[in-house]
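Have a look at the structure below before the remarks.
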Amino acid sequence: MSEATIAGSAVQGRAHVFPRAPLNRFLLGLVVPGLLLCLWQIACWARLAPDYILPSPLSVAERFRTELHGGTFAEAVGASLSRVLEGFLSGSSAGLAFGLLLGLSRTAENLFGPLFLAYRQIALFAWVPLLSMWFGGGEAGKIAFVSLSCFAPTAVNTWRAIKAIPAKLRELAAVLTFGPLDYVTLIALPGALAGIITGLRASLIYAWIATVGAELFLDIAPGLGGLLNEGRDKFEIDLMLVALAVLSVLGFICARSAAFVEKRLLLRWRLG
Amino acid sequence: MKRVNTPLSARLRRLAQGLAVPAVLLALWAGLAAANRLPEQILPAPAAVWAALLDSAASGDLWSNTLISLERVFEGFALGALGGLVLGALLGLSERCRIFLDPLFMFLAQVPTLGWIPLLILALGVDESMKVTIIAWASFIPVVLNVHQGIRDVPGSLRELARVLTFDRWYSVTRVVLPAAVPSIFTGLREGLANAWQTMVAAELFASSEGLGYLISMGRQLFQLDLVLAMVLVLGLVGLLVNGALGLAEQRLLRWQEHAP
Amino acid sequence: MTFQVPRILLGLMMAAGLAAAAAGAAVAEPVTIRFGYPGVGADNRLFAHGDIVAVAHAGHFIEDEFSGDPDVKIEWTFFRGAGPSLNESLAAGHLDFAAGLGDLPAIVGRANGLRTYFLMGDKVRDTIYLAVRPDSGINRLEDLVGHRLSQFKGTNMQLAADRVLAAHGLSERNAKFINLDVGGSLAALNSGSIDGTFGSIELLQLRDRGIVKIPYSTKAEAATFGRHQSILVTEAFEKAHPELVQRVVNAFVKAARFGADEANRKAVFDFWAKTGFPVESFAEDFENERLANRLTPVIDDYLVGRYRDLAARVREYGMIRKDVDIESWFKPSYLDAALKAQHLEHFWPRYDADGKKVADGDVETTKLGAK
């Protein structure tokens with residue numbers, strides 16, 4: 001990557017090279033958002049728009065503080081997180097099992113593969129009405145939807161990863177007269193680990209999307225999506241912005257942690 | 001990649017296997033419904049779903065709503081993809097842009113697309129503009145990510161080559177870097193279209209007076225499970241066709257890549 | 001050292017133990033009675049307004065009825081998604097009573113296989129209001145031609161609005177209908193995405209604050225164009241616990257007795273004000289109208305006729321694809337037993353299918369201020 005940068009600057013004929021130190025890059029990265037925030041705040045001070053249409057950054061921060069001290073905010077975040085987790089665990093494990101089945105068994109792949117591919121054509125949110133009719137609009141329906149959203153990404157990636165195991169390794173297993181269980185635990189899973197983890201990371205992202213969606217479309221209950229609904233009903237944009245900012249931060253933390261875990265796991269298996 | 005010529009019998013067998021499970025499920029479904037063992041509010045009989053499909057096709061609802069949904073998706077996707085190509089290229093080619101714009105973009109991109117809808121509804125109302133905007137945003141993100149990464153991934157050797165041949169910046173970008181990034185660009189476009197499709201359904205579930213998502217939503221409100229199921233199947237079919245079309249286009253355009261040195 | 005328990009004492013203890021076990025076995029497993037209400041108050045408050053169920057809930061009539069039964073728990077769920085959401089919970093087996101379900105969702109649910117019994121009325125002849133922006137220039141229903149309206153599909157508000165609009169020449173052909181819930185409708189009205197929406201008393205305070213204008217209401221025509229709500233029980237629960245159903249109906253009838261009595265007018269409005277809507281809105285909604293005009297549980301020819309008529313309309317509008325069996329839906333036995341036990345058989349007036357009164361009711365003599 002760095003060579004491309006150097007080559008790029010060399011082609012441009014520039015003498016200086018951009019800062020490489022992480023801290024400097026980070027600070028520079030804050031410039032544009034910071035500038036926008038200042039402009040936004042100034043626009044509010046100048047009363048360019050009524051307060052309820054465009055709350056200022058300061059009032060959003062203030063709203064965040066009040067919500068935090070109000071007590072229900074922690075409950076909302078907790079509720080959303082628990083849905084993400086529950087749905088992710090149930091959906092991904094089912095997806096993992098299914099992906100393993102399709103990857104390891106030719107027959108299963110021929111029997112269930114086409115149906116699965118057809119299922120994937122259906123947009124995820126089209127299932128919301130059906131799931132709420134089958135499970136109700138409460139917690140059960142929400143978790144069902146989040147689970148469903150986590151199923152396919154893990155399944156697909158696991159399936160692909162298992163199929164991508166080089167033939168040589170399969171031959172090795174035959175030579176060493178591995179039984180099926182040994183093959184799965186000693187060859188297939190480690191070999192497919194990288195792909196499986198990619199699938200799990202994708203599922204986690206989908207878990208967030210589905211959780212917010214479920215909270216927006218199903219019955220009211222504590223949650224970040226619920227805060228968005230509340231803000232929309234009461235026309236409280238500052239509340240909505242708080243919820244969105246928190247969603248972004250949580251999503252970022254989730255993504256980073258997942259990447260971290262991935263790196264550690266792959267390092268441990270010396271596959272990174 | 002060479003096409004392996006599997007014997008016709010083997011391919012037919014594969015086809016039969018693929019259809020086996022759906023056929024069995026369908027038979028089971030129809031059987032349970034006929035034996036009155038299936039409560040209507042859990043799963044209506046296949047015949048009812050088929051009837052609902054035919055009804056909406058006959059009344060013209062199916063075609064007009066599908067068309068409207070497709071229009072929205074393509075409008076939004078076109079806008080989002082275009083913008084995504086521009087920003088992705090900027091981020092990939094210019095270190096300066098990367099430093100200043102990437103953090104803000106990534107922060108905004110972390111928010112699940114749906115989360116923006118309530119805010120957008122307050123700002124833009126419930127018309128087409130809201131839906132096209134959110135669909136455009138949903139397409140925008142994967143295009144930016146993939147184009148950015150695709151350009152960054154262009155091997156240093158290619159860039160070296162451009163320098164050695166004393167290509168100027170414009171030439172090196174358009175003749176070397178971008179073409180090399182085309183597979184990633186197409187991945188981004190494909191993901192963007194998939195996102196656009198998903199978001200269209202979600203946006204229509206939210207607030208709409210027409211579209212496939214609207215029909216599903218209305219079916220839900222009126223507890224017409226057969227209509228909901230019928231429309232879900234239609235969605236799947238249309239989605240398949242759209243993805244297939246994009247896949248074909250991609251295959252065509254990428255053919256030259258195979259012959260590249 | 002051993003303790004010699006006198007034989008008689010031992011015998012008494014055993015007898016007491018057996019008796020306790022027998023008593024315990026009578027109400028052995030704890031039962032939770034799950035009520036669902038299709039609506040929420042202002043700011044999503046978990047309270048109801050405008051009907052018998054609201055009085056029962058706010059006045060704790062159900063909880064009082066079962067206060068002596070530690071094995072019976074009462075659970076209330078309020079559905080922001082109104083009737084359609086309640087139907088989903090009913091279908092998923094999460095509710096025992098649909099308390100106050102509107103006419104359209106009840107009919108639609110029955111048509112699609114939800115197995116319930118119609119126990120009693122909850123509210124009839126309810127008024128709906130049309131709200132538009134103050135500057136919109138819409139002064140009559142007919143002015144809505146070519147405009148955009150929101151409708152909460154699947155609710156009794158939709159059905160009532162559809163019928164009103166149809167009577168004034170409006171339909172899908174000359175006006176656009178967008179599917180939005182209550183909160184979404186108000187936001188869309190404010191931002192200009194839609195030009196009009198139908199609603200109930202929540203619109204009155206918005207009009208007082210200058211946010212909307214109300215050019216039309218069905219108050220004058222509520223007998224034909226009003227909307228209705230009823231109390232349903234799942235067939236499963238009724239089969240398993242008929243005695244509990246009777247006691248629930250008893251409690252609702254007590255609440256109805258309280259709510260229909262003009263002497264309690266202020267108290268009733270105070271109950272409803274727990275939703276966060278001002279008392280003045282309820283007062284205006286019921287101006288020149290007796291509480292008993294809407295809060296009546298009786299299953300008379302009028303009520304049966306209304307539902308039969310509405311079911312036919314719903315079929316006509318294509319909202320259901322098969323005919324609904326209305327006759328076998330009603331199960332007035334519980335209501336009749338409750339009315340008899342509380343000596344209320346002649347409390348409410350009864351009307352025939354055309355809306356003409358056929359029997360007077362004692363409630364008509366109740367007066368505000370009389371105690």
Side-chain angles (χ1 to χ4, degrees), chain B residues 33 36-45 47-56 58-61 64-65 68 117-131 203-211 213-230, chain C residues 81-93 101 104-116 148-155 157-159 172 175-181 183-195 197 234-236 314 317-322:
Chain B
N36 275 330
R37 303 300 298 260
L38 212 52
E40 275 175 78
Q41 66 267 27
I42 302 294
L43 209 56
V49 175
W50 183 246
L53 188 60
L54 289 180
D55 273 346
S56 87
S59 69
D61 277 347
S64 57
N65 283 296
I68 288 175
I117 295 189
L119 199 59
L120 224 51
I121 289 186
L122 286 182
L124 296 174
V126 293
D127 325 357
E128 282 311 293
S129 48
M130 180 276 281
K131 298 189 188 77
E204 286 183 356
L205 284 180
F206 235 102
S208 204
S209 58
E210 54 225 337
Y214 164 72
L215 285 179
I216 293 182
S217 180
M218 202 179 66
R220 174 193 178 189
Q221 306 278 99
L222 288 175
F223 219 77
Q224 287 173 357
L225 207 40
D226 45 8
L227 180 65
V228 174
L229 274 171
Chain C
S85 283
L86 194 156
N87 269 347
E88 284 170 3
S89 263
L90 212 54
L101 187 61
L104 178 60
I107 293 172
V108 161
R110 183 163 178 78
N112 285 303
L114 287 183
R115 311 226 59 81
T116 56
R148 300 153 62 91
L149 289 167
S150 81
Q151 276 199 324
F152 199 176
K153 299 270 182 208
T155 59
M157 182 67 73
Q158 181 205 353
L159 185 58
E172 302 265 318
K176 199 163 181 192
F177 297 106
I178 302 187
N179 187 13
L180 284 169
D181 62 10
S185 296
L186 292 175
L189 188 64
N190 265 324
S191 69
S193 300
I194 57 171
D195 307 303
T197 182
T234 60
E235 280 184 14
V314 168
Y317 290 156
M319 291 193 241
I320 53 178
R321 264 192 280 280
K322 46 181 115 98

[atom1]-[atom2] distance between [X] and [Y], expressed to the nearest 0.5 angstrom:
| X | Y | atom1 | atom2 | result |
| --- | --- | --- | --- | --- |
| C/E88 | B/L225 | CD | CG | 10.0 Å |
| C/T155 | B/L222 | OG1 | CG | 9.5 Å |
| C/N179 | B/S208 | CG | OG | 8.5 Å |
| B/Q224 | C/R321 | CD | CZ | 4.5 Å |

Counting only non-hydrogen atoms closer than 4.5 Å, does [X] touch chain B with its backbone (N, CA, C, O), its side chain (CB onward), both, or neither?
| X | result |
| --- | --- |
| C/Q151 | neither |
| C/L114 | both |
| C/A82 | neither |
| C/R148 | side chain |

Engaged part of B/Y214 at the chain C interface, taking heavy atoms whose separation is under 4.5 Å: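 The side chain, not the backbone.
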Proximal component of B/L124, with respect to chain C [non-hydrogen, under 4.5 Å]: backbone
Could you tell me which of [options] has the largest number of non-hydrogen atom pairs under 4.5 Å with chain B?
| options | value |
| --- | --- |
| C/S150, C/G184, C/G154 | C/G154 |
| C/P84, C/G81, C/G192 | C/P84 |
| C/I194, C/N112, C/V108 | C/N112 |

Donor-acceptor contact below 3.5 Å, side chain B/Q221 vs main chain C/K153: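 Side chain of B/Q221 to backbone of C/K153: a pair is present.
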Sequence-distant partners of C/F152, ring pair (Phe, Tyr, Trp, His ring centres under 6.0 Å), two or more places apart: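 None.
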Set of salt bridge (charged side-chain N to carboxylate O under 4.0 Å, His left out) partners for C/D181, sequence neighbours left out: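 Once residues adjacent in sequence are excluded, the partners of C/D181 under the salt bridge (charged side-chain N to carboxylate O under 4.0 Å, His left out) criterion are A/R232, C/R80.
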For C/F177 against B/S209, the heavy-atom pair lying closest together: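 Looking at all heavy atoms of both residues, the shortest contact is O-CB, 3.1 Å.
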Top of B/E210, B/M130, B/R220 for chain C proximity - count of heavy-atom pairs under 4.5 angstrom: B/R220
